Amino acid sequence: MTVMEQRGAYRPSPPPAWQPRTDPAPLLPDAAPYRVLGTEAAAKADPELLRRLYTQLVRGRRYNAQATALTKQGRLAVYPSSTGQEACEVAAALALQDRDWLFPSYRDTLAAVVRGVDPVQALTLLRGDWHTGYDPYAHRVAPLCTPLATQLPHAVGLAHAARLKGDDVVALALVGDGGTSEGDFHEALNFAAVWQAPVVFLVQNNGFAISVPLAKQTAAPSLAHKAVGYGMPGRLVDGNDAAAVHEVLADAVRHARAGGGPTLVEAVTYRMEAHTNADDDKRYRPDSEVEAWRDHDPIALLERELTERGLIDESGIVRAREDAEALAADLRARMNQDPVLDPRDLFAHVYAEPTPQLREQQDQLNAELQAEQEGTHR
Amino acid sequence: MTVMEQRGAYRPSPPPAWQPRTDPAPLLPDAAPYRVLGTEAAAKADPELLRRLYTQLVRGRRYNAQATALTKQGRLAVYPSSTGQEACEVAAALALQDRDWLFPSYRDTLAAVVRGVDPVQALTLLRGDWHTGYDPYAHRVAPLCTPLATQLPHAVGLAHAARLKGDDVVALALVGDGGTSEGDFHEALNFAAVWQAPVVFLVQNNGFAISVPLAKQTAAPSLAHKAVGYGMPGRLVDGNDAAAVHEVLADAVRHARAGGGPTLVEAVTYRMEAHTNADDDKRYRPDSEVEAWRDHDPIALLERELTERGLIDESGIVRAREDAEALAADLRARMNQDPVLDPRDLFAHVYAEPTPQLREQQDQLNAELQAEQEGTHR
Amino acid sequence: MTTVAVKPATMAQALTRALRDAMAADPAVHVMGEDVGTLGGVFRVTDGLAKEFGDDRCTDTPLAEAGILGTAVGMAMYGLRPVVEMQFDAFAYPAFEQLISHVSRMRNRTRGTMPLPITIRVPYGGGIGGVEHHSDSSEAYYMATPGLHVVTPATVADAYGLLRAAIASDDPVVFLEPKRLYWSKDAWNPDDPQTVEPIGRAVVRRSGRSATLITYGPSVPVCLEAAEAARAEGWDLEVVDLRSLVPFDDETVCASVRRTGRAVVVHESGGFGGPGGEIAARVTERCFHHLEAPVLRVAGFDIPYPPPMLEKHHLPGVDRILDAVARLQWEAES
Amino acid sequence: MTTVAVKPATMAQALTRALRDAMAADPAVHVMGEDVGTLGGVFRVTDGLAKEFGDDRCTDTPLAEAGILGTAVGMAMYGLRPVVEMQFDAFAYPAFEQLISHVSRMRNRTRGTMPLPITIRVPYGGGIGGVEHHSDSSEAYYMATPGLHVVTPATVADAYGLLRAAIASDDPVVFLEPKRLYWSKDAWNPDDPQTVEPIGRAVVRRSGRSATLITYGPSVPVCLEAAEAARAEGWDLEVVDLRSLVPFDDETVCASVRRTGRAVVVHESGGFGGPGGEIAARVTERCFHHLEAPVLRVAGFDIPYPPPMLEKHHLPGVDRILDAVARLQWEAES
Ligand SMILES: Cc1ncc(C[n+]2csc(CCOP(=O)(O)OP(=O)(O)O)c2C)c(N)n1
Ligand SMILES: Cc1ncc(C[n+]2csc(CCOP(=O)(O)OP(=O)(O)O)c2C)c(N)n1
Ligand SMILES: [Mg+2]
Ligand SMILES: [Mg+2]
């Protein structure tokens with residue numbers, strides 16, 4: 001059976017014998033975001049998983065704070081914080097198996113870190129010494145992607161390739177609410193559904209694309225409603241409920257792994273900080289809106305659940321914080337060292353072998369650098 | 001009220017106070033394509049309209065045959081026939097008011113002709129003497145568009161501009177099933193819905209994008225199901241039922257005119273000829289499939305209805321055919337004349353004023369042409 | 001009689017002023033793009049316009065560059081004069097099909113009946129410490145697309161004047177804004193701003209006799225600095241600011257090169273396939289017998305734009321320009 | 001011992017054979033694009049591949065060029081070697097963001113750990129009577145994008161050889177197929193096909209002493225014809241077929257120009273901002289003192305590609321080439 005002969009493909013037959021191949025009903029998202037914490041579903045959640053999520057959320061929050069602090073100290077060129085969105089970042093990383101792939105955007109360094117990428121390497125792009133600081137194959141994390149939504153077709157292609165090779169690999173791709181407006185979002189989801197590729201799309205709907213609120217981005221009932229137009233299931237989840245996001249993503253990953261094809265997940269969350277340290281969010285949203293979301297903080301939500309159910313005690317909370325502090329201290333210490341740069345790297349990786357032209361240019365730069373060192377330059 | 005403050009815009013509010021702004025249910029298409037002919041709905045159809053549709057379908061079929069014949073005689077560089085799709089072409093043109101705009105693709109010369117464009121001018125692109133043969137403002141028909149789906153944002157922009165100016169203008173844009181896979185389709189529909197622009201999108205789902213069947217193009221329950229993902233209504237209609245297509249489009253146009261925003265209409269039809277005269281459809285579809293669709297021919301469907309209900313008699317049918325022959329004869333006669341070309345046109349319209357560089361190049365060409373005329377060229 | 005104060009202003013301020021004056025002068029002018037409304041743009045160039053003219057005249061669009069330019073095409077078809085902002089150079093790439101296949105061709109396609117007076121503002125170039133995709137010099141793509149005008153200011157006054165001229169033009173204009181000059185200041189009189197018309201005239205920014213530096217946009221100040229530094233080595237350099245890459249001002253450029261007999265083209269964009277090749281070739285075609293040396297090029301390397309910590313090695317600086325001037329075969333001088 | 005027949009074959013056939021051999025040799029090679037499967041491509045270049053290798057090795061994709069190239073990026077990340085077909089030159093534009101921002105940069109971005117061995121086949125150029133958007137020469141865009149190789153064959157043998165080399169390359173290669181040469185025939189031995197490696201070597205197609213025509217792809221046969229015609233006027237023209245625009249073979253080109261002292265660059269692409277500027281500039285930089293005349297360019301006009309009935313006026317033909325040769329300042333000759 002080729003990938004084309006699978007379920008879900010939409011074949012026309014002449015009216016009046018019209019028969020849609022796919023029943024749209026199961027593809028439509030629920031009317032309200034799915035929640036676990038504070039609901040009956042929480043009782044069924046694995047306590048070990050909840051504790052793991054909690055530890056990572058606390059680490060993640062601290063990581064965000066530390067990275068933002070590093071921008072103030074001039075140690076990072078820019079930082080797009082995921083403060084407030086840690087539940088999505090953490091759950092995305094934990095929903096995957098080791099052999100799976102994660103496709104992060106520029107805002108998702110935290111997900112990469114949770115997946116095992118060294119935080120210093122995850123931040124290399126944003127520090128500015130190179131475009132990617134880690135080997136994507138080491139932890140199966142694609143390079144952080146800046147051009148919005150362009151990473152989504154990559155995830156589809158990789159998942160498709162893995163499947164063609166017979167490998168058990170799922171790709172999870174992250175994108176923002178703003179990114180869903182790009183043509184690449186559309187094309188990626190369509191390819192994924194037609195190919196029934198094992199890929200999961202997680203839209204972190206944090207309410208804004210820089211200054212532009214969701215109301216100017218889409219008129220859809222929800223972003224998850226876009227799924228039916230591709231013939232894949234759409235799921236809507238409370239993006240601040242780490243247990244819910246994890247469950248929905250884990251389900252989608254399982255579904256993809258079993259050959260069921262792609263899923264679109266919209267996680268409703270909120271960007272608590274400005275777009276990046278360079279942004280001034282006072283220009284486009286009232287403090288009161290930000291404040292309202294504090295009541296729905298992902299860490300507080302999970303901590304409340306864990307505490308109420310006696311799954312964590314004060315010492316557990318302290319341990320999580322200490323662990324987070326250790327991460328921050330290590331990050332601070334290492335980011336405070338100047339990276340060692342070699343300008344000759346500029347030419348080394350443009351092609352497998354530098355072209356004759358690049359070799360000439362490298363010679364020119366070498367000569368300039370030598371002259372500079374010897375003080376003989378102009 | 002600015003366009004942004006209208007209904008349909010999707011605003012996030014923090015969970016748990018989740019409230020989708022739009023109810024998805026009314027946006028979803030029916031499970032089967034809407035039909036009028038041969039159903040009870042036909043009784044409500046305006047007989048005058050049905051007769052008008054019929055005359056135009058017959059003309060359209062003849063026009064298609066004539067244009068195809070012209071390719072064989074070398075009078076057209078290429079012709080993408082709309083044979084089998086005349087109901088969509090005709091209904092699209094007739095559903096609009098004079099002040100409205102039509103945005104055709106390369107296959108939609110017939111819709112342009114029905115709207116009033118001189119057939120010779122409509123075919124200029126395909127004959128090859130210029131890229132557009134008619135003044136788009138004369139009949140409010142945008143130039144035939146070849147890069148797939150790229151005309152859709154134009155339609156949105158024009159409709160939006162008209163609305164901002166307070167003009168009562170609706171834009172109707174045509175696109176194929178293949179074209180729905182392009183990013184521009186997605187971006188156009190999203191802009192239209194966010195801006196609540198008075199625009200109607202008609203997808204002629206003719207089963208193929210050149211050789212690629214719909215099953216390789218999408219896994220969606222129907223193309224009309226894409227609408228909900230933008231927050232606009234999706235309608236599914238039998239594209240060979242001219243009365244049904246006209247009704248659905250006229251409804252959508254009315255809805256748009258009244259400020260209700262855009263609609264996506266999928267018309268299920270079938271391309272009876274090869275993609276163009278240069279294509280060989282034997283390579284990718286069995287004759288039997290084409291034959292099966294002959295039973296659902298748009299002209300036969302309407303003719304049956306008109307005849308059964310006594311709305312047309314033999315002389316009416318003959319008159320329609322004579323009218324069609326007259327069109328064909330005129331087209332043939334005029335297309336058999338060589339167009340008068342002026343090579344200096346190459347430079348005349350690149351900019352409002354030719355740049356100094358273009359003036360130099362024009363001089364060069366002039367000199368060459370003169371030398372050629374005088375026999376003094378190399 | 002009131003005396004008008006000539007005060008220092010930034011290029012960003014002059015651009016804002018140009019947009020505002022154009023919008024006030026013509027209700028057909030509409031500004032659109034990502035974050036151009038409430039936020040005033042990530043570089044604040046559209047600051048205050050939504051407030052002054054309303055959201056329908058200065059519109060935050062959905063996040064989709066092809067959609068932005070594509071809808072602008074439709075708006076222009078209906079008689080508006082859209083001014084589109086692409087947030088950064090590299091984020092204009094998704095709009096290339098609309099740009100190449102429609103914006104640049106609609107007038108020609110329709111024998112002049114459907115002109116598209118669209119201005120496409122593209123912040124471009126490096127030197128601002130931007131991370132990947134925030135520092136591209138994409139002018140070669142625009143130059144290779146017939147039907148577009150391509151202009152770029154290097155001074156505060158030109159920023160105003162060229163932007164007004166671009167918006168007033170009945171042709172599509174790609175308006176390249178040198179990011180690192182946004183906050184450069186010049187004495188400028190906002191109460192007597194001048195438009196720069198017609199589009200297509202270069203200007204001699206500094207007269208000199210030894211050789212001509214042909215440049216534009218972000219490299220103009222660098223060339224002026226190089227010209228100052230060159231005095232120490234006995235070279236008196238002329239600096240030509242092209243201002244318009246399309247149309248190209250052969251007259252001004254060639255007059256200068258014929259005077260000096262030597263030329264170096266300077267730009268940030270990669271050298272191979274970049275603007276400098278065209279410029280050097282056409283100058284050579286026209287001034288061959290006046291040239292004492294081949295026209296040389298000082299450009300960015302032929303590499304993807306480097307990360308911020310390495311960009312200083314990539315950008316053409318004073319030293320690299322002077323090195324090129326030194327290679328202009330002065331021995332041949334009598 | 002069997003004697004192998006050297007039979008006439010078309011360029012399209014040689015391309016098909018190259019794809020087939022590459023697919024047979026390496027299971028990582030996947031062909032994908034619009035209509036490449038069942039139909040065999042609109043130019044039939046992929047004819048038979050889906051049948052022989054299955055739909056998963058030769059895949060009809062949904063109709064979306066950015067999606068095609070974007071998914072190919074992901075497939076290459078996973079170790080495949082996608083060969084992507086863009087149906088026509090102008091329909092590659094929607095994929096430009098993926099091309100510029102990812103395909104050309106991924107290796108560099110990841111310091112070499114994530115190369116993208118993707119071949120992008122683009123039928124290009126005019127002269128086939130194609131209606132709007134079917135005859136563009138888009139090579140200037142590719143040349144201006146560091147990280148891509150850009151090659152184009154002019155002969156049947158090179159079509160095979162270069163395509164095999166492109167697919168074998170660990171770098172992304174834009175493989176430009178001159179549409180009007182698809183059905184050109186050469187004697188060619190499909191049973192002993194040669195790859196052309198390394199990518200980046202030009203070839204002298206005709207030796208001559210008077211001047212060098214520097215050209216590539218669809219203009220090579222035109223230049224060879226011009227060279228024949230030139231004999232009547234007493235010029236013995238050398239014709240250099242670049243084959244690879246990136247990397248550029250300065251060595252072969254400059255050796256020729258130093259020998260002849262005169263050069264004309266010939267291509268269909270528009271002149272302004274086109275490949276000829278780069279070529280003329282770099283030849284002049286390197287051969288200045290060998291030049292008796294400026295390097296001239298014969299190119300398409302700086303206009304959108306004309307409708308079929310007018311294309312003959314646009315395309316550089318023999319006369320226009322000879323006119324340019326005549327302007328190479330022969331008076332200066334002793
Ligand atoms: C193609 C493209 N266009 C524009 C940008 C500039 N830009 C960076 S982030 C951003 C907003 C993204 O919003 P969203 O997708 O919601 O993600 P978030 O920042 O909220 O995580 C914009 C416009 C970009 N990176 N890529
Ligand atoms: C952007 C773009 N890519 C590719 C093509 C080449 N092409 C022309 S028609 C066509 C198939 C279109 O199919 P569909 O949208 O279903 O319209 P139909 O031809 O069936 O009317 C293709 C691939 C094109 N015109 N534009
Ligand atoms: Mg967001
Ligand atoms: Mg179709």
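Proteins come first, then strands; the chains are lettered A, B, ... in the order of their sequence lines, and each starts at number 1. None of these values were measured; they are calculated from a predicted model.
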When rounded to the nearest 0.5 angstrom, what is the spacing between [atom1] in [X] and [atom2] in [Y]?
X: Phe91(D); Y: Thr150(B); atom1: CZ; atom2: OG1; result: 9.0 Å
X: His349(B); Y: Ile303(D); atom1: NE2; atom2: CD1; result: 11.5 Å
X: Arg285(B); Y: Thr38(D); atom1: CZ; atom2: OG1; result: 13.0 Å
X: His313(D); Y: Leu341(B); atom1: NE2; atom2: CG; result: 7.5 Å
X: Leu125(B); Y: His133(D); atom1: CG; atom2: NE2; result: 8.0 Å
X: Leu148(B); Y: Glu65(D); atom1: CG; atom2: CD; result: 7.5 Å

Give the intermediate values and the outcome of side chain to side chain contact (heavy atoms under 4.5 Å, CB included) for residues Arg44(D) and Asp280(B).
CA-CA 11 Å; Arg44(D) 301 293 185 270; Asp280(B) 174 12; 4.0 Å; yes
Among [options], single out the residue with the greatest number of heavy-atom pairs under 4.5 Å to chain D.
options: His131(B), Arg127(B), Gln217(B); answer: His131(B)
options: Asp177(B), Asp129(B), Asp342(B), Leu369(B); answer: Asp129(B)
options: Val350(B), Leu346(B), Asp281(B); answer: Leu346(B)

Side chain to side chain contact (heavy atoms under 4.5 Å, CB included) between His134(D) and Thr146(B): does it pass, once the steps are laid out?
CA-CA 9 Å; His134(D) 289 78; Thr146(B) 300; 3.6 Å; yes
Please classify the contact of Val212(B) with chain D as side chain, backbone, both or neither, using a heavy-atom distance under 4.5 Å.
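The answer is both parts of Val212(B).
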Side chain from CB out, backbone as N, CA, C, O: work out which of these in Gln364(B) comes under 4.5 Å of a heavy atom of chain D, or both, or neither.
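Just the side chain, heavy atoms under 4.5 Å.
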Check this for me: [X], atom [atom1], are more than 12 non-hydrogen atoms of other residues, nucleotides or ligands nearer than 6.0 Å?
X: Arg57(D); atom1: CZ; answer: yes
X: Glu228(D); atom1: CD; answer: yes
X: Glu374(B); atom1: CD; answer: yes

Any side-chain heavy atom of Asp319(D) within less than 4.5 Å of one from Glu372(B)?
no
Quick check: do Leu365(B) and Phe301(D) have side-chain heavy atoms less than 4.5 Å from each other?
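Yes, their side chains come closer than 4.5 Å.
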Could you walk me through whether Asp279(B) and Leu39(D) pass side chain to side chain contact (heavy atoms under 4.5 Å, CB included), step by step?
CA-CA 9 Å; Asp279(B) 177 39; Leu39(D) 184 66; 4.0 Å; yes
For chain B, find which of Glu233(D), Glu311(D), Glu34(D) contributes the most heavy-atom pairs closer than 4.5 angstrom.
Glu233(D)
Given 3.5 Å as the limit, does a donor-acceptor pair link the side chain of Gln361(B) with the main chain of Asp302(D), or not?
yes
Would Trp130(B) and Leu310(D) count as a side chain to side chain contact (heavy atoms under 4.5 Å, CB included) here? Give the steps.
CA-CA 8 Å; Trp130(B) 200 256; Leu310(D) 290 169; 3.7 Å; yes
In terms of heavy-atom proximity below 4.5 Å to chain B, should Val42(D) be classed as side chain, backbone, both, or neither?
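The answer is the side chain of Val42(D).
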Shortest non-hydrogen contact from [X] to [Y]?
X: Ser181(B); Y: Ala64(D); value: O-CB, 3.3 Å
X: Ala77(B); Y: Gly129(D); value: CB-O, 4.1 Å
X: Asp35(D); Y: Ala209(B); value: OD1-O, 3.3 Å

May I ask you to say whether Asp47(D) pairs ionically with Arg283(B), meaning some side-chain N is under 4.0 Å from a carboxylate O?
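Here Asp47(D) pairs with Arg283(B) in a salt bridge, since their nearest N and O are under 4.0 Å apart.
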